[in-house]
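In what follows, chains carry the letters A, B, and so on, assigned in the order in which the sequence lines appear, proteins first and then strands, with residues in each chain numbered from 1.
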2 protein chains.
Amino acid sequence: MNSKPKSATTMADLARLAGVHVSTVSRALADSPLVEQSVRKRIIKLASQHGYVVNSTARNLRSGRTQTLSVVIPLAHELGQGLTDPFFSSLLSHLADEITEKGYGMLLQKVVPPMDHWFDQLAAARRSDGIIVIGQSTEHKVLQAAAYSEVPFVVWGGHLRGQNYCVVGTDNVSAARMATEHLLRLGRRRIVFIGDPVSPEIKLRYEGYEQALAHGPAGTAKPVMVKAHLTPDAAYQATLEHLRTGRKFDAVFAASDVIAISAMRALSSSGIAIPEQVAVVGFDGIDLGAHVHPALTTLRQDLTRGAKLLVTQLLRRIAGETVESVKMPGELVVRESCGESR
Amino acid sequence: MNSKPKSATTMADLARLAGVHVSTVSRALADSPLVEQSVRKRIIKLASQHGYVVNSTARNLRSGRTQTLSVVIPLAHELGQGLTDPFFSSLLSHLADEITEKGYGMLLQKVVPPMDHWFDQLAAARRSDGIIVIGQSTEHKVLQAAAYSEVPFVVWGGHLRGQNYCVVGTDNVSAARMATEHLLRLGRRRIVFIGDPVSPEIKLRYEGYEQALAHGPAGTAKPVMVKAHLTPDAAYQATLEHLRTGRKFDAVFAASDVIAISAMRALSSSGIAIPEQVAVVGFDGIDLGAHVHPALTTLRQDLTRGAKLLVTQLLRRIAGETVESVKMPGELVVRESCGESR
DNA sequence: CCTCTCAATGCAAACGATTGCAACAAGGCA
DNA sequence: TGCCTTGTTGCAATCGTTTGCATTGAGAGG
């Protein structure tokens, strides 16, 4: 197509072509002020003509940096929720943007936790300069221990007491409380929580829900937890089962949008009108929530900002700074699934 | 916590500890038959005691392999569909499983196509042993050209005439035809296609749709295409707009499940009953389809198998074999969104 | 007892870049 | 003219492995 001169594959080749030493080429391509303007230009031009791109493996070895960040998702086996989860994949997408923009590569790993030393293995292989862990899952202890290793990492998840590693995430307690209070304001009094508190984030959301109920108006029913993993199937079944118990309720606060959507489906197919008979509020703010019927009221997490923060905090840790955890506020997005007025 | 001996960070350290030469350590860890059983065991034990893991950068440089596969998603800018798309992320998830299982790392990249030489850049940096391109998007020409480069890659997407690179994907034409014929069998005659044929896969689906209509029973209306990008918003708006034209239709064949779900929402909110007045069939078989209301009839693509094939074909190409494209059959999954009988 | 084989190990050269330091030329200043 | 500074460039060590080849020692066969 374009007349491509025989391509230079190594820096030495390029140096020969340019009639200079490889060190000069290296510096030229690195935009070092040590090499003269005209020479630098010539080398850069030559490089692009010959389709030369620095071999990153060699560069990494020598410089000790990999220009790569690992993103790892520990998936508690019981909750078979995968990258498939729209929330995770949305976060992933934002992370990809952010990491790419900072000039890094993104190495994606899945970890299925009944696995020893996953963190140490990951860290020791030195395939990346730092690690972003998405969701604490059941691995809080591992992460606490990892904080003593010298490998930089940050975690998306919940803020726990006595935590010694850097976490970025929504203020789950306040956010959940906000969501529940919204239901209370609308006059709902028997609000059910659906979710599985095995993961810290969900547990915190449950706490926020409890707090809201505890401060609710007279007649507010006590907390009820319907246990359901974060998968559509699990949530659907759990909702049906709860319906079969016959216990009355007029609202659902779901630990995630995926759960909420599945719960809505279970309710609908049982002939229950949403929001007239049962109002539903989710958590996460996934795109699809706006497009199910009825559209889902939810507590949005700001993933754009979350991803940005994860990456910048990690890069700062890599640079040697000590960084603090960040708690972001959630945002209530009101849509059809909980009627505006009773 | 666990009494960890001062960790050996380099192979030389470990060799010193074991009282052998580094080459012996290298061989021992690589399970080479050249090193004696007892020695090998001792070294392996020592390595795990000291938390030693081979530095993969160094290994890669020396051996010329990176043990990493790139996964890249070219995102045509106009269709702002991202990793967020449940279909993509599901495929991604399966790929992650498969790649990990084969002992490779997965390097994820996003490419926003009005970008020159993205493939060559990717290829030349040699960060991975091969590339999996998800979706041809608008980049068919680039891929055709890339086929002449020596970098192994495979593509998930549609099978086009004269294509000289390896593609794995569903037989879009047949599958779409199957879906449309199902609607015809149910007595629907005015079937609308929603989607954007700018990407080859969608175009092929449209062709299948056309074929089905061409062979449909008397009274079958001519093809109608409602253009909509693959995002929820776009599909929602496009559906509403089509409704405003007042043109009658009794079924929708959507180019993807995401489109289908958004279309259903648009229909529902316009007071149209699904499936009584308008039946809907999607394409992809994303999980969520089973959990919207009404549950979505769709044409499922076998992503588990797809991911497996992509990886094995790529690894074979890396090994130097020449590999053929693979066309997989789609599977019609009948659910509520198109009534069983008219 | 001497060689020959074979298994196991050590030696040292790559892999392809980065980077501190030396070298060199030109120009400024005394 | 001589010396020092400054701006460029070359030299060579280095990053941590892998791997072809040389070396060693022991056991077998003549």
(message) For B/Glu139 and B/Trp118, which I'm curious about, is there any donor-acceptor pair between the side chains at under 3.5 Å?
(response) yes

(message) Given the structure, check if the side chain of B/Arg27 and the base of C/dG10 hold any donor-acceptor pair shorter than 3.5 Å.
(response) yes

(request) Can you tell me the distance, in whole Å, between the CD atom of A/Gln67 and the P atom of C/dA17? (result) 16 Å

(request) May I ask you to say what B/Ser26 touches in the nucleic acid, namely base, sugar-phosphate or nothing, with a heavy-atom cut-off under 4.0 Å? (result) base

(message) Assuming nearest nucleotide by heavy-atom distance, tell me which of B/Val35 and B/Val22 is located more 5' along DNA chain C.
(response) B/Val35

(message) Looking at A/Glu98 and B/Lys110, is there a salt bridge between them, counting it only when a charged N and a carboxylate O are closer than 4.0 Å?
(response) no

(request) Specify the separation, in whole Å, of atom NE2 of A/His21 and atom P of C/dC21. (result) 18 Å

(message) Heavy atoms from C-beta onward define the side chain here; which of C/dA17, C/dG10, D/dT9 lies closest to that of A/Thr24?
(response) D/dT9

(message) Measure CD1/B/Ile43 against P/D/dT17 and give the value in whole Å, please.
(response) 13 Å

(message) Exactly one of A/Thr66, A/Thr57, A/Thr68 should register a side-chain hydrogen bond (donor to acceptor under 3.5 Å, both in side chains) with B/Arg127. Which one does?
(response) A/Thr68

(request) For the residue pair B/Phe153 and B/Phe119, categorise the inter-ring angle as parallel (less than 30°), tilted (30 to 60°) or perpendicular (more than 60°). (result) perpendicular

(message) Rounded to whole Å, how long is the line connecting atom CG of A/Asp13 with atom P of C/dC15?
(response) 11 Å

(request) Go through the N and O atoms of the side chain of A/Arg62 and the base of C/dT18, and report whether any donor-acceptor pair is under 3.5 Å. (result) yes

(message) Looking only at the side chain of A/Ser23 (C-beta and beyond, no hydrogens), which of the listed nucleotides C/dT9, D/dG10, D/dT17 gets closest?
(response) D/dG10

(request) Grab the CZ-C1' distance between A/Arg16 and C/dG16 for me, whole Å please. (result) 13 Å

(message) Please determine whether the number of non-hydrogen atoms from other residues, nucleotides or ligands lying under 6.0 Å from atom CD of A/Glu321 exceeds 12.
(response) yes

(request) Please report, rounded to the nearest Å, how far the C1' atom of D/dT18 is from the CZ atom of B/Arg65. (result) 9 Å

(request) Starting at atom CZ of B/Arg127, determine the distance to atom P of C/dG16, rounded to an integer number of angstrom. (result) 17 Å

(request) Could you check B/Arg59 against B/Leu34 and say which one's nearest nucleotide on DNA chain D is further toward the 5' end? (result) B/Arg59

(message) So, does B/Tyr52 get its side chain near the phosphate of D/dG16, meaning an N or O under 4.0 Å from OP1 or OP2?
(response) no

(request) Among D/dG16, D/dT9, D/dT18, find the nucleotide with the atom closest to the side chain of B/Ser63. (result) D/dT18

(request) Check the distance between C/dA25's C1' and A/Glu36's CD and give it to me in whole angstrom. (result) 13 Å

